[in-house]
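Take a look at the structure below.
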Amino acid sequence: MRFPFYAQAVLGLPTRRAAYVLLSGCLSLGALPVAAQAPTSIPEPIVEYPAPARPTDFLTPAFHKQRRELLRAQLPPHSVAVVFAAPVRNRANDVDFVYHQNPDFHYLTGYEEPDAVLLLFAEPRTVGGRPDVTEALFTQPRNPAREQWTGRRLGAAGAKNQLAVQYAADDTDFAASGLKWADFDKVLFDNLPTDTRDDARNPADLHNLVATFRQQASVPADYNPAVSEWEAGIRRFGLTRSKGFAEYLTSQIKENPALGNSPLIRDYVAATTDAARKAAIDAHPPGRLDDATLGEKLDGLRAVKTPEELALLRRAVRISAQAQREVLKLMRPDMGEMEVQGLHEYVYRRYGAEFQGYPSIVGGGANGCILHYETNDRQRLDNDLVLMDCGAEYHGYSADVTRTAPPSGTFSPAQRQIYELVLAAQEAGFAACKPGAPFDAPNKATQEVVAAGLQKLGIIKKKEDFRKYYPHGASHYLGLDVHDRGSYGPLQAGNVITVEPGIYIPAGSPCDPKWWNIGVRIEDDALITATGYENLSAEAPRTVADIEKLMAEPSALENFKLPELK
Ligand code: GLY
Ligand code: MN
Ligand code: MN
């Protein structure tokens, strides 16, 4: 297994970065200064540093345990489900990106640290000499020296006690767990990290766990997740939507020729009739290693929110709506996109939201026509419409709320016409939010309104051309991921989806220049209920009249003035 970092220093093998720290004496972030101090080989006693009070509204161990049990009950006989924590990602040199747990791992455990793996067994197994184990969590070990620099760790005992996991052990014990992998008929996994760096000087956190799993479960060296994702797609959708599916797959093989090496993919795209496609699918059944089924089960579970999840998601959405309100009151033509972004994110933190669910999108005029614009560096908004697609992440749950408004507080006639068309489309989308409706129903409803409206305004000649100005779908699931897991089958009570039509008319578009550089999206987060829907982001105004009224009100941050830096 990997040498602890201080051991490398003791053995006289400091990394390039550690050497730099030793020479410079700087307080570098992360692991390196621990090496610089080269502690003795006597293990340090574990001293507990009690944490000051934290929020108390996290999901409970009972919630996570119930999720594990629901998933376990759906596993095929004689199978194991394997879920890895998210890898640590390096930002530059010795600075990593802020760690964010794999949402599946969070959902199933509540464990927030890297370098861990969860195993769920369809039937009880013997692990680490202990019989009758149904769930096993291997976590990064306690390490006092590291914890002083990078934070508290739960360790195996903490995971067992605080997360109520039946069996927990250090990840260094994973290779010698004694688990008989050959006894499993199916090994289920999803999104297996395939890029965990194996650098003897500085191995990626997850490298050893993934390497051990690959070796013990006999994952082939040339395992390619893109290939198996397409193979799973063929088995799932390859006969119901065969023509479009085969055409799209053929175009993908041109971009990623490795796909063509799969016998199933090759035979499927070569087939010209559904009978031949079915024969191809039957000839290549899934193997023992299965990276499709686990994802499908998690799609089903995560798409229907429990009351505990809804409490957190509602809070994320309400925080985001309050941020939109405050920014609408404060926005002025002399502000820049970045300041507007900062105001949203400041409000999030004031309410205790730890992150943004995705990079905040604040685009004025032409920038608002770029769907996932995130540079946010226009310096003056002037009076171009500003599209603000921003969502707080609260205890893991992400909102996704967009408002579009003129910095002066008053829409121009052209801005208003496009805005009101998008709003009408959104209302049609909401009206289609009903349990039992196809997932695509709200999208289709918005498309019809946008197409008819653009034609009426003379922006397009034929209705079919609406896609040029409305190129995305209206809905996705929302939850632990902003584009959350879900089956994309009929809507169900407990789903939370976005309703987000938009119209984007970049300069140079083939229409009257008065429309140019208008980009409008209105995005709300809808809970599907037993009878229809509830708009969770309704606190942020949507109509022109309500937005203009709110923008005329003073903001709580009105006097938040900082000195000029000359
Ligand atoms: N904010 C990304 C999206 O609306 O889907
Ligand atoms: Mn969205
Ligand atoms: Mn959005």
Side-chain angles (χ1 to χ4, degrees), residues 100 103 302-303 305 313-314 316-325 327-328 337 340-341 343-345 347-348 353 355-364 367-376 385-394 396-405 419 422-423 425-430 432-433 439-447 450 467 469-486 488 491 495-504 519-528 533-542:
H100 193 280
R302 280 182 49 188
K305 271 60 183 180
L313 192 44
R314 274 180 193 279
V317 176
R318 290 194 64 192
I319 290 170
S320 308
Q322 287 305 329
Q324 294 281 3
R325 288 183 64 88
V327 172
L328 286 171
E337 292 169 347
V340 169
Q341 169 189 356
L343 292 167
H344 280 274
E345 295 172 8
V347 175
Y348 297 172
F355 296 114
Q356 295 77 249
Y358 53 91
S360 300
I361 298 166
V362 179
N367 293 338
C369 297
I370 300 169
L371 303 182
H372 279 179
Y373 172 77
E374 53 188 63
T375 319
N376 301 354
L385 278 182
V386 179
L387 187 156
M388 304 180 287
D389 182 343
C390 303
E393 183 182 301
Y394 187 79
Y397 287 82
S398 178
D400 189 5
V401 180
T402 308
R403 290 295 181 265
T404 307
Y419 187 92
V422 177
L423 185 63
Q426 198 198 26
E427 291 298 350
F430 276 135
C433 288
F439 188 89
D440 200 38
N443 181 42
K444 283 226 168 75
T446 62
Q447 288 180 340
V450 167
R467 274 244 160 260
Y469 299 110
Y470 179 18
H472 60 80
S475 298
H476 54 81
Y477 295 98
L478 193 64
L480 288 170
D481 282 294
V482 61
H483 298 155
D484 208 34
R485 281 190 175 280
Y488 288 87
L491 293 171
N495 291 160
V496 178
I497 65 167
T498 61
V499 183
E500 52 170 312
I503 295 176
Y504 316 89
V520 175
R521 176 156 69 248
I522 312 173
E523 176 170 26
D524 283 83
D525 302 338
L527 167 66
I528 306 300
Y533 74 96
E534 176 189 346
N535 180 4
L536 303 181
S537 40
E539 284 166 289
R542 289 186 299 129

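Whatever order the structure lists them in is the order used to number ligands and atoms, beginning at 1. In what follows, residues are counted from 1 in the order of the sequence shown.
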Derivation and outcome, side-chain hydrogen bond (donor to acceptor under 3.5 Å, both in side chains), residues N443 and S475:
CA-CA 6 Å; N443 181 42; S475 298; over 6 Å; no
Determine, using heavy atoms of [X] and all atoms of ligand 1, whether some pair is separated by less than 4.0 Å.
X    : value
R521 : no
H483 : yes
D389 : yes

Closest non-hydrogen protein atom to atom 2 (C) of ligand 1, residue and atom name please, with distance?
H372 NE2, 3.6 Å
Closest protein heavy atom (residue, atom, distance) for atom 3 (C) of ligand 1:
D400 OD2, 3.3 Å
With the Mn ion (ligand 2) as the apex, the OD2/OE2 angle for D400 and E500 - to 10°
160°
Any N/O/S of H483 under 2.8 Å from the Mn ion (ligand 2)?
no
Determine, stepwise, if the pair H372 / H472 fulfils side-chain contact (heavy atoms from CB on, under 4.5 Å).
CA-CA 11 Å; H372 279 179; H472 60 80; over 6 Å; no
Once you round to the nearest 0.5 Å, how far does OG1 of T375 lie from CD of Q341?
10.0 Å
Reported CZ-to-CZ distance for the pair R521 and R403, which is rounded to 0.5 angstrom
12.0 Å
Residues E539 and R325 bridged, charged N to O under 4.0 Å
no
Y477 vs R302, test: side-chain contact (heavy atoms from CB on, under 4.5 Å). Steps then yes/no.
CA-CA 10 Å; Y477 295 98; R302 280 182 49 188; over 6 Å; no
Among the N/O/S atoms of E523, select the one at the shortest distance from the Mn ion (ligand 2) and name it.
OE2
If you count the atoms of ligand 1 from 1 in the order shown, which ones are under 4.0 Å from a heavy atom of E523?
4 (O)
Of all heavy-atom pairs between P501 and V422, which one has the smallest distance, and what is that distance?
O-CG1, 3.4 Å
